[in-house]
Amino acid sequence: IETKLCALFPLHHERIRLRLLAEWARPAFKPQPLEIIREYFGEKYALYFTWAGFYMTMGWLPALLGLILFSTQIYTYEEYQTFENPFVAIYGFFICVWATLFASLWKSLENTRKYEWDTLEFENQEEKTEEFKNNPMTEKIEDDNGEVVDYEFDDGEWFPWPTGRARYQVMSYAVVMVMNVLVVLSSLFIWEVVAQPMMKPNEVLVGAVVCGLLSMAVTVFVDSAMDGVPEFGMEGWMSDLIAQENWETPTTQEDSMILKTFYYKIFNKYFMLFWVAFFANHFTLFVDEAPCPDWQCMPVLQVVFVVKVVGGMLYIMIQTYLFPIISKALNASGDDGTKVSKTQMEEQFEWPAASAIAQNYKVMVYQFGYVAMFSVAFPIVPLVCSLYNLLELRSRAFRLLTGCKRPAYQCAADIGAYQQLIEILTALSVITNASILGFTSHGYYFYFPEMTSVQRVWVTVIVEHITFLVKLFLEGVIPTEPQDARLAWDVQQRKKRGQLSKWNISEFKEEGK
């Protein structure tokens, strides 16, 4: 009898699955049972949901203050004939402080989890992947008996000619650069040739909406090409490029993917907003001039910002809920419709694999970028993001428990290179908020109504520098090393070593015993 191994995956444990559904997926406001999640899925999933819950909790601060500010903007609209008012500048400063607090407090919580879950040495102990070991480019290190004891791959040199892994990284950077050029040219064409001619003074809504929608279409196209569309079994170019770089462990490979993805996503997600906010009045490419109507870019920025954020959320919902239905319908096109009784194993075999954790972080991290860098333009957006996150967090948990194969155990010590991305976006938020208030809007004129154009530049620079100093101060005073968690971990390690010593396992005996 011919046998065939179709899949290898752990089945859901029905009792724990039902408990997680009752205590985690269904209640909207109940704290997440992170210890149960860790035991069921592993530290990597538990760490993601810890981060997502922390971000969602912190997100209510700019959401509620943004709602208050938006209410004042509506109230003062008749007086100023614009959504700008004196409180916008205060909100911009608050957003920068909030982003800094989020990044610093998360590092403290992340380090606490390292001690509580004993993952401090995980990355040093992580095993090399089979793909790395079996790659023809990997060098096998043998002992005197000819046994393979280790595997190595040369990181290479960048100059004068790339060698080793650096050669393949150059290929990745080249593709990223080409995609960035494509995004820039497409965005400029959309603005100068399509959207800007549709705008007139006090009539920017239609043109700005078209600009936002077309920009979002470019974003979706580039993301689909580079990241793939897992729901239809399509892998992105970036996966192939990173695979060629031949990284040793899953963590180093994932970090490389995260960083290189960021190098094109920062253009793909935010370039149009940067262009409208800071450059549209000063530069052109396809036409002689294409400034904002009456040289006022703030109304255009507000509309484009809302369209890109809300449109991006709608696309993610379509990708998450509609694409799997379409994919399942296409795959079942040859089915005769006969219903067959299936075992639990057979049912879960047909479920799709859970999406990679790195993909889950990606959505919220880049949403954080929108909130931190541009929510001063339209302060109600953080509230929309918070409501979306509240729905998405629980629905993601529900899908993981009822519609996906149970993923194999995965460990992680931290959120990887996403921490670097958050810190970069936090630093950029200081520049964007100060510049939007100083150059795109008239926020500082409420406090200095008589200032000249030169003084306006100086005020913007001074505010930006002061905000940076506050950022550095907060990063310095907020402790990122949790002393209580470290002391508890030290006690736990001493107990463990003592117990192992009693069992005569000499390599774990404490010194002097």
Side-chain angles (χ1 to χ4, degrees), residues 31-39 41-62 94-126 249-252 254-255 258-259 262 357-358 360-361 364-365 368-369 372 410-430 467-500 508 510-511:
Q32 299 184 90
L34 294 171
E35 285 301 320
I36 304 177
I37 297 170
R38 180 173 75 92
E39 293 174 1
F41 293 110
E43 285 82 5
K44 192 165 189 175
Y45 274 85
L47 192 62
Y48 163 71
F49 283 104
T50 301
W51 181 87
F54 180 75
Y55 170 60
M56 189 177 70
T57 302
M58 289 288 291
W60 288 110
L61 291 173
F94 162 78
I95 284 291
C96 297
V97 172
W98 168 81
T100 302
L101 290 174
F102 171 76
S104 299
L105 292 174
W106 166 250
K107 283 192 284 188
S108 177
L109 178 57
E110 182 182 67
N111 289 331
T112 300
R113 291 292 183 263
K114 286 183 182 180
Y115 287 112
E116 291 177 346
W117 296 344
D118 197 12
T119 58
L120 287 168
E121 297 298 321
F122 165 72
E123 292 185 10
N124 295 329
Q125 300 169 355
E126 191 174 15
T249 65
T251 297
T252 54
E254 189 174 273
D255 285 345
I258 292 168
L259 289 173
F262 176 72
I357 288 294
N360 297 340
Y361 279 109
M364 287 190 172
V365 167
F368 168 79
Q410 297 179 58
C411 185
D414 50 44
I415 65 173
Y418 279 118
Q419 183 65 41
Q420 294 175 247
L421 270 59
I422 291 171
E423 292 173 358
I424 292 171
L425 293 172
T426 300
L428 287 175
S429 71
V430 176
T467 308
F468 257 122
L469 289 175
V470 172
K471 176 181 181 297
L472 294 174
F473 172 77
L474 291 174
E475 290 174 342
V477 298
I478 296 176
T480 58
E481 187 70 18
Q483 295 300 323
D484 292 343
R486 180 168 184 172
L487 290 173
W489 181 82
D490 287 338
V491 171
Q492 181 188 51
Q493 294 304 303
R494 284 196 296 269
K495 289 181 178 179
K496 182 172 70 174
R497 289 193 296 268
Q499 186 62 48
L500 291 171
F508 290 101
E510 293 185 88
E511 293 182 6

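Taking the side chain as every heavy atom from C-beta outward, Q420 and I258 never approach each other to under 4.5 Å. With contacts defined as side-chain heavy-atom distances shorter than 4.5 Å, the pair L259/L421 qualifies. In this structure, the side chains of I422 and L425 stay at 4.5 Å or more apart for every pair of heavy atoms. Two residues are said to be in side-chain contact when any heavy atoms from C-beta on lie closer than 4.5 Å; P250 and E126 meet this criterion.
The aromatic ring centres of F54 and F102 sit less than 6.0 Å apart.
Under the 3.5 Å distance criterion, the side-chain polar atoms of T119 are left unmatched by any main-chain donor or acceptor of F122.
Minimum heavy-atom separation, A485 to Y115: O-CB, 3.7 Å. The nearest pair of heavy atoms linking P482 to N111 is CD-CB, 3.6 Å. Considering every non-hydrogen atom in both G416 and D255, the closest pair reads CA-OD1, 3.5 Å. Closest non-hydrogen pair, E110 versus A413, comes out as CG-O, 4.3 Å.
Screening Q419, E423, E481 for a side-chain hydrogen bond (donor to acceptor under 3.5 Å, both in side chains) with K107, the sole residue that qualifies is E423. Looking at Y361, F262, Y48, W51 one by one, the single match for ring pair (Phe, Tyr, Trp, His ring centres under 6.0 Å) with Y418 turns out to be Y361. Put simply, the residue from V470, L469, T467, I95 that forms a side chain to side chain contact (heavy atoms under 4.5 Å, CB included) with V430 is T467. Here the options are F368, W98, W106, the test is side chain to side chain contact (heavy atoms under 4.5 Å, CB included), and the partner is M58; only W98 passes.
Around atom CG of D484, no more than 12 heavy atoms belonging to other residues, nucleotides or ligands sit under 6.0 Å away.
Between atom CG of residue L109 and atom OG1 of residue T50 there is a gap of 6.5 Å, rounded to the nearest 0.5 Å. Note that the CG atom of N360 and the OH atom of Y45 stand 7.0 Å from one another [nearest 0.5 Å]. Summarising the geometry, atom CG belonging to D414 is positioned 12.5 Å from atom CD belonging to E43; distances are rounded to the nearest 0.5 Å. L474 CG to S104 OG: the interatomic distance, rounded to the nearest 0.5 Å, is 7.0 Å. Between E254 atom CD and I415 atom CD1 the span is 11.0 Å, to the nearest 0.5 Å.
E116 has no carboxylate O lying under 4.0 Å from a charged side-chain N of R38, or vice versa, which leaves the two without a salt bridge. Remark: D118 engages K496 in a salt bridge, criterion side-chain N to carboxylate O under 4.0 Å.
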(request) Verify side-chain hydrogen bond (donor to acceptor under 3.5 Å, both in side chains) between E123 and T251, making sure each step is shown before the conclusion. (result) CA-CA 7 Å; E123 292 185 10; T251 297; 4.9 Å; no
Please step through side chain to side chain contact (heavy atoms under 4.5 Å, CB included) for the pair V365 and Y55, ending with a clear verdict. CA-CA 9 Å; V365 167; Y55 170 60; over 6 Å; no
*Where do L47 and K44 land on the side chain to side chain contact (heavy atoms under 4.5 Å, CB included) test, with the steps shown first?*
CA-CA 5 Å; L47 192 62; K44 192 165 189 175; 5.9 Å; no
**Prompt:** After noting the C-alpha distance and the side-chain angles of F49 and F41, does the key distance pass the ring pair (Phe, Tyr, Trp, His ring centres under 6.0 Å) rule?
**Reply:** CA-CA 11 Å; F49 283 104; F41 293 110; 7.6 Å; no
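No side-chain N or O of D490 forms a donor-acceptor pair with one of Q493 less than 3.5 Å apart. For the residue pair S429 / T426, no side-chain donor-acceptor distance below 3.5 Å is found, with atom types taken as modelled.
Cation-pi geometry between R486 and W489 is not met at under 6.0 angstrom from the ring centre and within 45 degrees of the axis.
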